[in-house]
Amino acid sequence: MDLNTVYSPKEVENEIYDFWIKEKIFKAEIKEGVTPYTIVMPPPNVTGSLHLGHAYNSTIQDIMIRFKKMNGFESLWLPGVDHAGIATQIMVENDIMKENLTKEKLGREEFLKRVWDWKEKYGDRIVNQQKRLGIYADWDRHRFTMDSNYQKAVIKAFVKLYNDNLIYKGEYMINWCPVCKTALSDLEVEHIEEKTKLYFIKYPFKNDDGGIIVATTRPETMLGDTAVAVNPNDERYKNLIGKILILPLVGREIPLISDSEVDMEFGTGAVKITPGHDPLDFEIGERNNLQKINILTHDGYINENGGIYKGLSRQEAREKIIKDLNEKGFLVEIKDYFHTIGIHDRCNTPIEPIISKQWFIKMKPLAEEGLKVVREGKVKIIPEKWEKVYENWLTNIKDWCISRQIWWGHRIPVYYCKNCNKMFASENEVTKCPDCGGSVERDPDVLDTWFSSGLWPFATLGWPNETEDLKYFYPTSLLVTAYDILFFWVARMIMFGMYFMKKEPFKHVYIHGLIRDEKGRKMSKTLGNVIDPIEVIDEYGADATRFTFSQLSTLGGQDINLSLVIIKFSRNFMNKIWNSGRFVINFLKDFDKSKKIDLKFKKEDIWILSRLSKVSQLANELIDSYEFGEISNILYEFYWHEFCDWYIELSKLRDDETNKYVLFTVFINSLKLLHPFIPFITEKLYKLTLPDERTILNTDYPKGEDFIFDGKVIEEFEIFMNINKIIRNLKSILNLPLKKKAKVFIDFDEEFLLNWKNKIEFLSFCEITNKKVEDLKNLTEVYKGAKIYLFVEKDYPIEERIDNIKREIENLEKENEILNKRLGNIEFVSKAPVEIIEETKKKKDENEERIKILLIHLKELL
RNA sequence: GGGCGAAUGGCUCAGCGGUAGAGCACUUGCUUCACAAGCAAGGGGUCACAGGUUCGAUUCCUGUUUCGCCCACCA
């Protein structure tokens, strides 16, 4: 067979993926009596493009899906995309700006049409990128959170919550984005530290001289101040409580009140109260019946309540107010100050707390169920540390603001009668009031995107209809996600799953880390350190990319600092697999796989089969416990440094059917073991080896008990390997080329030598003599009782060797001193486990034996 | 303010109650008939610091330092 010596992933990957799609290998079916294994894919944003985080996330899911499929489960991996309300709307708004259009100019209907056009244009991009990774997803079941069925699910969910009194509308302080002009949930606000100023402003008394000095980072909000508050226990102000102050620049009379929430230590201990624009002030205002004045327009400018400052931006107002305060003598001091401000996570605009009428979900009852199901272990979060974080968040949860003043999304199914003012939710679009028949108006707001994503595990399977899919595939088996959306998404899916389905949405949640650049920084466009996974795949291949992720995936779910260099390692491994495949296929070309063979195992056959058995057993255990990094390394080590380095090499000495059978068995089963991690190259080689077979995915994942196991032979083979290493090392000391034959004598068990002599001669390029050659110089080594002599006919530079031996003897003696001390310690001998004591003794004896030999050898050299 | 995580060879990271592992990089020798993206051999680490528990600590506990993250209404 003519196969290139350098593996080129691109052709193979395209060919193999086309084959999988054409043959509908990934199609999941409802199969009576077969246990399903279901994963719903975290839906990327419909307009997004694949980043390394997605690639990592998908790799883990794909490993599990393929592994379970090969273990006899009916694997369903359900893919899809999210409409991503605000994110998408921002993109489209930016796009129409090129035509000098705004969404207001277009109107709601026309704008939404543009968004759908945009979705049509870019919606496939991410799917095509995912396919490059080779993922086993049932594309026929692809879902979009704005599909008409999905819309039905969202409306159904809202109406049920509404009718169960878990959704309410009310006027509360919420996070407002002045650029997106919408309310946001607490989660969508990111907190960043900012260097700013702390301004000290004097508020004079109405009827007395003097006044109170307050400290604030946001002087512009004073336009909305309706009180100043101090702590009731603050001796400095105790007697002044109740006095009336004059609000500078505005002239409003405001009282000095007391509230225990006020921190005496901060600033002057007196705080200005702006109930309209600060959450704490809002509460204090509620407690003290203060007026709440809104001073901002929806796009963040000062409104008519700001008097002469009307029309200024927040920043302009701040500057002008400080200037005016200073001129009029109210500004006492300005200090540098660090504090955190909230910004919108989608557009980075500083958010503004304002009072607004919005829709909320009562979270307490939902959270209780969400907590219960995790506490009871029905949902297991891996690694466990995230359970505490989850618990903590749900325990302190506040009501969730779900209404958004944008257009792209699921419109709230609440109607208002213009005639009798009735407010009601309805699953069907209505035009007339059910009570009075008057005409109705639908609420203009749409729902938070995460409301619809929260329904993902069951809405994608057909809910609210009782579909066969839903019955068979729900609850799903596993959810894989990074920790950054634990609250946004995972917690809400669990709560909604319990509420609507009365059953947990998934049994395991595997939380992994984020992909960062090699310096540990987040990948971002502004930093310019973004690595495009498609470029990585183009250069190194999907298998190498996947193997890298798998190898770096540790159980702790640590973030991964990815440098491109390490993908090379995986690429080299793929190349090794490819070339070993070429060798095996060629070696087996006259081998009839179907023929019964009279097996006559040699030691190395039993060794490699035993190792295959062990590795198969480990693979099953470790994949089931999500230890991908560990098993990746084990498979790498086994394939390259055991199968290729030793078994394949030894095969070159042989020409018998047993060898070919073993070579075939180990090769094919290694491909199966590796398939979930590196699906393309393994499928390709499988089909090249067995042209009549359809796909490796229809085979069973290897189990430990599929192969013979003999631990004694493994030990014996280890001695064999080490003797080879010693001979090679001795040759290397002499600077002898590996292939130059050397004369060697091995003083060891005769039966062992009988078995391995010609193999050592072959692998280490030497000639093993029957007895020690006394008249020649030699280099000597000891391993587990075996003494190995390498004879040297010519003189060679021995000084270095002598130094080395001396140094080694010294080290060994030092070590034995420690070991002797330990063994002489009564506490150690009485308390340490027997194995450890035995090991220590053995180590000591070995060292002594080694010293003895080295001393003799040293004498010979001197 | 609360919580979490990290600190291991030049770099990227595993690991673990019995004196340290991988890949890359480095040094030396190889046109070995699968593979130079390879083969063989090798050098390199007081496992951040200080205490404690233990026969024994890089590993467990406490504290410190540095870095990173999450949550939180201190103006």
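Naming: A, B, ... by sequence-line order, numbering from 1 per chain. All heavy atoms count here, side chains included; hydrogens, waters and symmetry mates do not.
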Pair E649(A)-K652(A), salt bridge (Lys or Arg N to Asp or Glu O under 4.0 Å): steps then yes or no: CA-CA 6 Å; E649(A) 289 306 318; K652(A) 293 175 183 171; 3.2 Å; yes
Nearest-angstrom distance from the residue atom CD1 of I733(A) to P of U28(B): 17 Å
Pairing check on C11(B): which nucleotide meets the Watson-Crick or G-U wobble criteria with it, both distances under 3.5 Å?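 Check on C11(B): paired to G23(B), both distances under 3.5 Å.
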What integer distance in Å separates I726(A):CD1 from A41(B):P? 11 Å
Would you check if there is a donor-acceptor pair between the side chains of N722(A) and Y783(A) at a distance under 3.5 Å?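 Yes, because at least one side-chain N or O of Y783(A) sits under 3.5 Å from a partner of the opposite role on N722(A).
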For K568(A) and S570(A), does a side-chain donor sit closer than 3.5 Å to a side-chain acceptor?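 K568(A) vs S570(A): no donor-acceptor pair found between side chains.
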P-based separation of G15(B) from A48(B) [nearest Å]: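 Result for the P pair: 15 Å, nearest Å.
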Distance-only donor-acceptor check, side chains T217(A) and T196(A), under 3.5 Å: no
Taking the side chain of T217(A) as heavy atoms from C-beta outward, which of U12(B), G5(B), A75(B) is closest to it?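 Side chain of T217(A) sits closest to A75(B).
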Check the distance between G23(B)'s P and I566(A)'s CD1 and give it to me in whole angstrom. 13 Å
For Q551(A) and N633(A), does a side-chain donor sit closer than 3.5 Å to a side-chain acceptor? yes
Looking only at N and O atoms, is any donor in the side chain of E627(A) or the base of A14(B) less than 3.5 Å from an acceptor on the other one? no
Take the protein atom CD1 of I341(A) and the nucleotide atom P of A75(B), then report the distance between them rounded to whole Å. 12 Å
If we ignore angles and hydrogens, is there a donor and acceptor under 3.5 Å between the side chains of R822(A) and N825(A)?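 No, no side-chain donor-acceptor pair sits under 3.5 Å.
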State whether a side-chain donor-acceptor pair under 3.5 Å links H512(A) with Y483(A). no
Below 3.5 Å between N/O atoms, which protein atoms pair up with nucleotides 52-56 of chain B? Just atom names and distances, please.
{"residue": "C55(B)", "atom": "OP1", "partner": "K831(A)", "partner atom": "NZ", "Å": "2.1"}
{"residue": "C55(B)", "atom": "O2'", "partner": "N825(A)", "partner atom": "ND2", "Å": "3.2"}

Determine whether the side chains of Y203(A) and D225(A) contain a donor N or O and an acceptor N or O closer than 3.5 Å. yes
Between K660(A) and F587(A), is NZ or CZ placed under 6.0 angstrom from the six-membered ring centre and within 45° of the ring axis? yes
Looking at C4(B), which nucleotide sits across from it as a Watson-Crick or G-U wobble partner, both distances under 3.5 angstrom, or is there none?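 Across all strands, the one nucleotide that pairs with C4(B) is G68(B).
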Which one, U19(B), A75(B), A34(B), comes nearest to the side chain of S580(A)?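 From the listed options, A34(B) comes nearest.
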Earlier contact from the 5' end, RNA chain B, for C644(A) and I560(A):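 Looking at the nearest nucleotide for each, I560(A) comes out on the 5' side.
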Of the listed nucleotides G18(B), G23(B), A41(B), the one nearest the side chain of E839(A):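 Nearest to the side-chain atoms of E839(A), counting from C-beta on, is G18(B).
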Which listed nucleotide (C35(B), G23(B), G5(B)) is nearest to the side chain of Y636(A)?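 So the side chain of Y636(A) is nearest to G23(B).
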Using the P atom in both, what is the distance from A34(B) to C16(B), to the nearest Å? 40 Å
Are there any protein N/O atoms within less than 3.5 Å of an N/O atom in nucleotides 37-39 of chain B, and if so, which ones and at what distance?
{"residue": "A37(B)", "atom": "O4'", "partner": "N572(A)", "partner atom": "OD1", "Å": "3.1"}
{"residue": "A37(B)", "atom": "O2'", "partner": "N575(A)", "partner atom": "ND2", "Å": "2.8"}
{"residue": "A37(B)", "atom": "N3", "partner": "R571(A)", "partner atom": "NE", "Å": "2.8"}
{"residue": "G38(B)", "atom": "OP1", "partner": "N572(A)", "partner atom": "ND2", "Å": "3.3"}
{"residue": "G38(B)", "atom": "O3'", "partner": "K576(A)", "partner atom": "NZ", "Å": "3.3"}
{"residue": "C39(B)", "atom": "OP1", "partner": "K576(A)", "partner atom": "NZ", "Å": "2.9"}
{"residue": "C39(B)", "atom": "OP1", "partner": "W640(A)", "partner atom": "NE1", "Å": "2.6"}

Dump the pairs, protein N or O against N or O of nucleotides 65-73 of chain B, anything under 3.5 Å, distances to one decimal.
{"residue": "C73(B)", "atom": "OP1", "partner": "K398(A)", "partner atom": "NZ", "Å": "3.4"}

is_close_aromatic(H641(A), Y636(A)), centroid dist under 6.0 Å: yes
